[in-house]
Amino acid sequence: MADEPQTSLPTTKVARAARFAKTGINVGTNYIKHYAKKAVGAESTTADLHAANAAELYGTLSEMKGSVLKVAQMLAMEKNMLPTAYAEQFAQAQYSTPPLSGPLVVKAFRDAFGKSPFQLFDEFEPEARQAASIGQVHFARKDGKALAVKVQYPGVADSIKSDIRLVKPIALRIMGLNEAQVRPYLEEVETRLLEETDYKLELRRGQEIAAKCQELNNLQFPAYYPEYSTARILTMDWLPGQHLKEFLATNPAQEVRNQIGQALWDFYQFQFNELHQLHADPHPGNFLMRADNGGTLGVLDFGCVKEVPADVYQLFTALLAPETIADEARLEALLTQAGVLRATDALAMQALYLRTMRVSLELVGRPFRRATFDFGDPTYMAALYALGDDLMADPELRKQREPRGSEHFIYLNRTYVGLFALLTELGASIKTGIAAMR
């Protein structure tokens with residue numbers, strides 16, 4: 001059964017603060033209930049506590065939409081950052097959330113164009129086909145063309161900074177961190193989120209990246225329509241195809257899955273190595289797959305694009321190079337440059353981080369160091385997640401809660417974890433190779 005349309009959205013700072021305050025109280029109440037039960041010998045597991053709080057938080061984030069829901073979507077992709085209950089609950093944000101009702105959508109068009117969508121287009125579906133964190137997508141037609149019209153939720157752009165301040169205490173409590181430790185990382189996330197609310201920027205990036213990727217095989221990008229777009233409404237072609245789960249349900253041939261996987265890999269490698277930027281939102285809702293022509297991949301949503309500075313590009317590729325794993329002095333120098341190691345670290349701490357990072361980089365960089373790689377073997381992603389579990393369980397690392405490393409790595413890591421997960425679910429065997437990164 002579809003979610004009921006949302007008829008109102010808290011957009012003012014006061015309204016959103018009140019909603020967060022209510023959530024904070026409810027989360028606190030869940031903690032009190034949990035410890036009270038344990039005090040009297042009643043059964044109350046940590047898993048039960050996480051499940052209750054995850055449901056409470058997701059309910060709020062779905063209602064609030066915007067930046068906080070986008071962060072939940074990101075965290076769902078980072079399976080080792082949160083307890084399982086949170087990751088599973090937040091994963092819903094990858095596909096859909098309760099959509100806004102028709103009157104709110106019409107108001108958005110009148111505010112932007114002085115016309116309703118029914119006056120602007122020959123045909124416009126008032127019910128959203130998809131609803132996510134920043135906006136929702138409607139089907140329309142104009143002059144015989146099928147169009148996707150993305151409508152941003154009211155107040156999203158204005159609420160980002162205040163939302164982050166409001167949700168920060170809850171997030172820090174869950175992850176056991178303090179504000180000073182995460183400030184540069186939050187600033188990086190805030191910058192990307194603000195960019196995502198600028199649909200004029202997304203339109204320009206979508207056009208530019210599509211033009212530069214024309215020579216890549218088996219990719220399809222939508223054309224954009226500036227005359228029907230503003231900073232808060234974006235109109236583009238409605239691409240054919242299915243999202244990953246629906247596509248896999250058609251039982252596509254291995255050759256088709258391989259070709260789509262190769263197109264996905266080549267797209268990301270070309271962006272990173274040639275353009276020094278990345279479509280940094282590789283969750284399943286942003287790709288459409290078809291069996292046509294042996295396998296075709298449609299790429300959507302250029303709202304989140306990470307520009308990769310030259311020094312960060314060089315550092316990232318150097319860390320993945322095979323000679324780095326075998327050369328401790330080189331690895332130590334690169335990790336110091338990346339901010340993972342510090343001159344003030346005790347020798348035992350340096351040794352711990354060196355050992356941990358060598359194991360991590362060997363595993364994460366494995367696809368780049370082989371001519372071909374079979375993501376259809378699920379043991380690779382299982383090993384990545386198991387590594388995360390092992391690191392989280394290491395008593396010495398658990399004492400070192402402070403995040404380390406360049407803030408630029410947030411979206412680089414997010415992109416490649418998401419890419420690997422997509423290729424694994426697709427079950428694709430592809431040509432990779434470290435040489436492509438040089």
Side-chain angles (χ1 to χ4, degrees), residues 71 74-75 77-82 164-165 168-169 171-193 272 276 278 280 306-366 368-369 383-417 434 437:
V71 171
M74 290 169 60
L75 291 174
M77 294 170 63
E78 301 288 344
K79 291 182 171 57
N80 294 306
M81 282 190 67
L82 293 173
I164 288 177
R165 285 195 297 270
K168 194 186 303 177
L172 293 177
R173 181 173 185 179
I174 290 171
M175 291 187 279
L177 300 171
N178 65 56
E179 183 177 353
Q181 294 170 323
V182 300
R183 185 176 295 118
Y185 306 98
L186 285 177
E187 289 174 352
E188 168 74 359
V189 171
E190 184 179 296
T191 299
R192 300 283 81 75
L193 288 172
F272 186 58
H276 286 191
L278 283 169
K306 173 61 182 172
E307 305 285 343
V308 185
D311 60 331
V312 174
Y313 171 80
Q314 292 166 1
L315 178 59
F316 194 79
T317 53
L319 282 168
L320 291 178
E323 58 266 27
T324 298
I325 306 299
D327 187 339
E328 184 167 303
R330 174 182 169 86
L331 178 60
E332 182 177 343
L334 290 171
L335 291 176
T336 301
Q337 182 184 342
V340 176
L341 295 180
R342 297 171 183 169
T344 55
D345 288 335
L347 290 178
M349 182 57 59
Q350 276 206 352
L352 174 65
Y353 276 116
L354 277 170
R355 183 173 67 253
T356 299
M357 290 304 300
R358 182 182 291 107
V359 172
S360 300
L361 289 169
E362 190 286 320
L363 185 58
V364 171
R366 197 175 293 171
F368 301 103
R369 292 191 293 271
L384 276 180
Y385 294 142
L387 173 64
D389 290 340
D390 290 344
L391 296 180
M392 292 286 284
D394 187 300
E396 290 302 314
L397 284 175
R398 286 180 67 86
K399 294 177 186 177
Q400 312 303 318
R401 297 291 294 173
E402 182 180 3
R404 294 191 175 201
S406 169
E407 65 273 16
H408 292 287
F409 282 13
I410 294 175
Y411 281 88
L412 290 178
N413 292 341
R414 175 202 184 194
T415 297
Y416 278 101
V417 168
I434 192 73
M437 297 189 66

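Just so you know, these numbers come straight off a predicted model, no measurement behind them.
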Asker: Could you tell me if the side chain of T415 sits less than 4.5 Å from the side chain of K306, heavy atoms only?
Answerer: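 No, every pair of side-chain atoms sits at 4.5 Å or beyond.
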Asker: Which value, rounded to the nearest 0.5 Å, describes the distance between T336 atom OG1 and R342 atom CZ?
Answerer: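 It is 11.0 Å, given to the nearest 0.5 Å.
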Asker: To the nearest 0.5 Å, tell me how far F368 CZ sits from T317 OG1.
Answerer: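 Taking CZ in F368 and OG1 in T317, the distance rounds to 10.5 Å.
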Asker: Minimum heavy-atom separation for R414 to A280, with atom names?
Answerer: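 So the two residues come closest at NH1-O, 2.9 Å.
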Asker: Working to the nearest 0.5 Å, report the span between CG of L193 and CD of E188.
Answerer: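 Going from the CG atom of L193 to the CD atom of E188 covers 10.0 Å.
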Asker: Nearest heavy-atom pair of E407 and P184: which atoms, and what distance?
Answerer: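 The answer is CB-O, 3.8 Å.
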Asker: If you compare all heavy atoms of Y185 against all heavy atoms of G405, which two are closest, and at what distance to 0.1 Å?
Answerer: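 Where Y185 meets G405 most closely, the heavy atoms are OH-O, 2.8 Å.
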Asker: Considering non-hydrogen atoms only, spot the tightest contact between V308 and F272 and give its length.
Answerer: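 That closest heavy-atom pairing would be CG1-CE1, 4.0 Å.
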Asker: Using a 3.5 Å distance criterion without hydrogens, assess whether the side chain of D327 forms a donor-acceptor pair with backbone atoms of E323.
Answerer: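 No; judged by distance alone, with no hydrogens or angles, the pair does not exist.
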Asker: If we only count heavy atoms from C-beta on, is the L319 to F409 side-chain gap below 4.5 Å?
Answerer: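 L319 reaches F409 side chain to side chain.
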Asker: Passes salt bridge (Lys or Arg N to Asp or Glu O under 4.0 Å), E362 versus R358? Steps please.
Answerer: CA-CA 6 Å; E362 190 286 320; R358 182 182 291 107; over 6 Å; no
Asker: Distance check, rounded to the nearest 0.5 Å: E307 atom CD versus T191 atom OG1?
Answerer: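 Going from the CD atom of E307 to the OG1 atom of T191 covers 12.5 Å.
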Asker: May I ask you to decide if L320's main-chain N or O and T324's side chain share a donor-acceptor pair within less than 3.5 Å?
Answerer: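 Looks like no, no N/O pair under 3.5 Å.
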Asker: Got a second to check how far L341's CG is from L335's CG, nearest 0.5 Å?
Answerer: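 With rounding to 0.5 Å, CG (L341) is 5.0 Å from CG (L335).
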Asker: May I ask you to test the N413-F316 pair for a side-chain heavy-atom distance under 4.5 Å?
Answerer: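 Yes, close enough: below the 4.5 Å cut-off.
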Asker: So, for R404 and G339, which heavy atoms are closest and what is the spacing to 0.1 Å?
Answerer: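 R404 and G339 have their closest heavy atoms at CB-O, 3.8 Å.
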Asker: Would you name the heavy atoms of L363 and R369 that are closest together and state the gap between them?
Answerer: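 What the structure gives for the nearest pair is N-NH2, 4.3 Å.
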Asker: Nearest 0.5 Å, please: how far is CE in M357 from CD1 in I325?
Answerer: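 Result: 9.0 Å between the selected atoms.
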